[in-house]
Number of protein chains: 2
Amino acid sequence: MGTKQYKSTLTYELGELLKASDRSVKLKKGTYLFQEGQPAKEMYILLSGKIQISKMNAERKELNLRLCQYNDIVGELTLFTVDPRYLFNAKVIESGEAAAINIENLEKVLFNNSKLAYEFIRWMNDHFRKTTTKFRDLVLNGKKGALYSTLIRLCNSYGIVKETGILIDVYLTNQELANYCGTARESVSRMLGELRDEGIISIERKRVIVHSIQHLKTEIDCENCPIEFCNIE
Amino acid sequence: MGTKQYKSTLTYELGELLKASDRSVKLKKGTYLFQEGQPAKEMYILLSGKIQISKMNAERKELNLRLCQYNDIVGELTLFTVDPRYLFNAKVIESGEAAAINIENLEKVLFNNSKLAYEFIRWMNDHFRKTTTKFRDLVLNGKKGALYSTLIRLCNSYGIVKETGILIDVYLTNQELANYCGTARESVSRMLGELRDEGIISIERKRVIVHSIQHLKTEIDCENCPIEFCNIE
DNA sequence: TAAATCATGTGAAAAAAATCACAAACAGAA
DNA sequence: TTCTGTTTGTGATTTTTTTCACATGATTTA
């Protein structure tokens, strides 16, 4: 009991990718694996640790897009472009290790292995699907909807089922949570406080326990889409 | 003078795709080419007319995601999935015609033609990139930012350069514009009114003319990203 | 051409969210 | 353990946005 509820696609084919892996990189908490605008030579697969993918706007407000862990792919959007550059920031929020894959090599592999290319297209589809649904939630359901949606996704990706509810096994500050929602830190603090008072969640040493995910779901009219499309990776 | 400023990728390879085209479909204004949840057998390439891609939430609020025209691909996200279903609504807002491509056929073609698969991955990358940037604008810059971003993208996709400014050559109601921004119809009306009073835009028979796109850009701290990543397709 | 339908503009009020300012709580380092 | 820097909670205020209600304007269509 008490393990991750869902692990994303790329399975056998992931092995293929890893074979093309050139080197491994140590990830130190607080550093960046890459940042927006840097020239991109490599794509990565996480072996351990956690990485937050974000995009800044010009006012330096940050929007967190994904929270990645073991087996997740990061830096993928640079494939097959001229003068490839990273589009996002990849911040290490839990130390670990990643396998680096040279983009040029990967492009060759994809070109010669249609099974893998196919798998990759499928993965991108899934990925796109998640993103769009998430943004719909963020844009249409107000800031409360944004937070609830984020919590649900965090449950699906990092939730550990306990007797009392689902423990979201990541240490996130309110500010970071706010960056997932495009909202103000204080608003998150207030909304979490409300949920706490209503007994929907509780907070135990910086981690959230969701006692009634159903409540969050009904509040945003969650259509109970399959868990593989409703996560934060 | 006076033509579309940018036309998206898939060029030669588009021809390849079209060769696999099975039939063509007439598009009648006001109808839907497909709707969320319907089983998906075909992907489409627009030959003429305009189609709006949207996603609903459970409260039946609609979020408009793309506005597609000649040579744009719609219904693409169903590839390589089991029990494929459309994720979005495709509403015809200007009559025209589309080439339908059977998904199973296309999967075969992609599988056997790595050049095409490669091109497809690249297209999806671009597509993803646009989407993410757009949503960042929507989420981080408030409702005004959302509208300005939408107007800029509309200029890039449908703008016709005139002496006085850029004419956005699409007939959109305030409600439809609002659906692109995740905002209320009345708010759009008010914001457009303000822009009109300031002389930034004017409206001529339901179409917007942007006199100072620069003003819109500075307001949302637009980093002047390449036009091919800043459009509404 | 009139009637009907749909789209727009706008005031007033309510609701949602951000901002500012500061105290309290907590975590990590010395 | 104490100090220090970070994170959290919260009141008060301001700003942004939505909502409601209704008048006006524009387009269809019969």
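To find a chain, count down the sequence lines: A is the first, B the second, and so on, and within it residues start at 1. These numbers were taken from a predicted model, which means no experiment stands behind them. Atoms considered below: every heavy atom in the structure, side chains included; atoms not considered: hydrogens, waters and symmetry mates.
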Response to the item:
Side-chain contact check for A/Arg185: nearest option of D/dC20, D/dT18, D/dT8 is D/dT8
Discussion item. Within this structure, what is the CZ-CG distance for the pair A/Arg85 and A/Leu87, rounded to the nearest 0.5 Å?
Written reply: 11.0 Å
Worksheet entry | Distance in Å, A/Phe34 CZ paired with A/Asn89 CG, rounded so as to fall on 0.5 Å steps | 8.5 Å
Discussion item. Could you tell me if the side chain of A/Lys143 sits less than 4.5 Å from the side chain of A/Ser187, heavy atoms only?
Written reply: no
Discussion item. Once rounded to the nearest 0.5 Å, what's the spacing between atom CG of B/Asp169 and atom SG of B/Cys155?
Written reply: 11.5 Å
Item to complete: Could you please name the option among D/dT19, C/dG9, D/dT7 that lies closest to any side-chain atom of B/Arg196?
Response: C/dG9
Item to complete: Round to the nearest Å and state the distance from A/Leu192 atom CG to D/dG9 atom C1'.
Response: 11 Å
Item to complete: For A/Glu62 and A/Lys91, run salt bridge (Lys or Arg N to Asp or Glu O under 4.0 Å): C-alpha distance rounded to whole Å, both residues' side-chain angles, the deciding distance at 0.1 Å, then the answer.
Response: CA-CA 12 Å; A/Glu62 206 170 12; A/Lys91 187 180 185 182; 5.7 Å; no
Discussion item. Within residues 134-145 of chain B, which residues have any heavy atom lying less than 4.0 Å from an atom of DNA chain D?
Written reply: B/Gly142, B/Lys143
Worksheet entry | For atom OH of B/Tyr148 and atom P of D/dT16, their distance in whole Å | 11 Å
Worksheet item: Atom CG of B/Asn179 and atom C1' of C/dA7: how far apart are they, to the nearest Å?
Response: 14 Å
Worksheet item: Given atom CD1 of A/Ile203 and atom P of C/dA27, what is their separation to the nearest angstrom?
Response: 13 Å
Worksheet item: Does B/Arg190 have a side-chain nitrogen or oxygen under 4.0 Å from the phosphate oxygens OP1 or OP2 of D/dT16?
Response: no
Worksheet item: What string of B, S and - do you get for nucleotides 23-30 of chain D 5' to 3' if you count protein non-hydrogen atoms under 4.0 Å?
Response: --------
Discussion item. Measuring from the side chain of B/Thr173 (C-beta onward, heavy atoms only), which nucleotide among C/dT10, C/dT19, C/dA7 has the closest atom?
Written reply: C/dA7
Worksheet item: Looking at B/Asp221, B/Asn141, B/Asp137, B/Thr133, which one forms a side-chain hydrogen bond (donor to acceptor under 3.5 Å, both in side chains) with A/Asn57?
Response: B/Asn141
Discussion item. I want to check one thing: is the phosphate of C/dA18, taken as OP1 and OP2, less than 4.0 Å away from some side-chain N or O of A/Ser187?
Written reply: yes
Worksheet item: A/Thr183 side chain N/O closer than 4.0 Å to the phosphate oxygens (OP1, OP2) of C/dA17?
Response: no
Worksheet item: Which whole-number value in Å describes the distance from A/Glu204 CD to D/dT8 P?
Response: 16 Å
Worksheet item: Does any donor atom in the side chain of A/Ser189 or A/Arg185 lie under 3.5 Å from an acceptor atom in the other side chain?
Response: no
Discussion item. Evaluate A/Glu76 against A/Arg66 for salt bridge (Lys or Arg N to Asp or Glu O under 4.0 Å), listing each step before the verdict.
Written reply: CA-CA 13 Å; A/Glu76 73 284 356; A/Arg66 303 168 62 197; 3.5 Å; yes
Response to the item:
Taking C/dC20, D/dG9, C/dT10 as options, the one with an atom nearest any side-chain atom of B/Glu186 is C/dT10
Item to complete: Find the distance B/Arg207:CZ to C/dA7:P and express it as a whole number of Å.
Response: 18 Å
Fill in: Rounded distance (nearest 0.5 Å) linking atom CG of B/Asn179 with atom CG of A/Leu140
8.5 Å
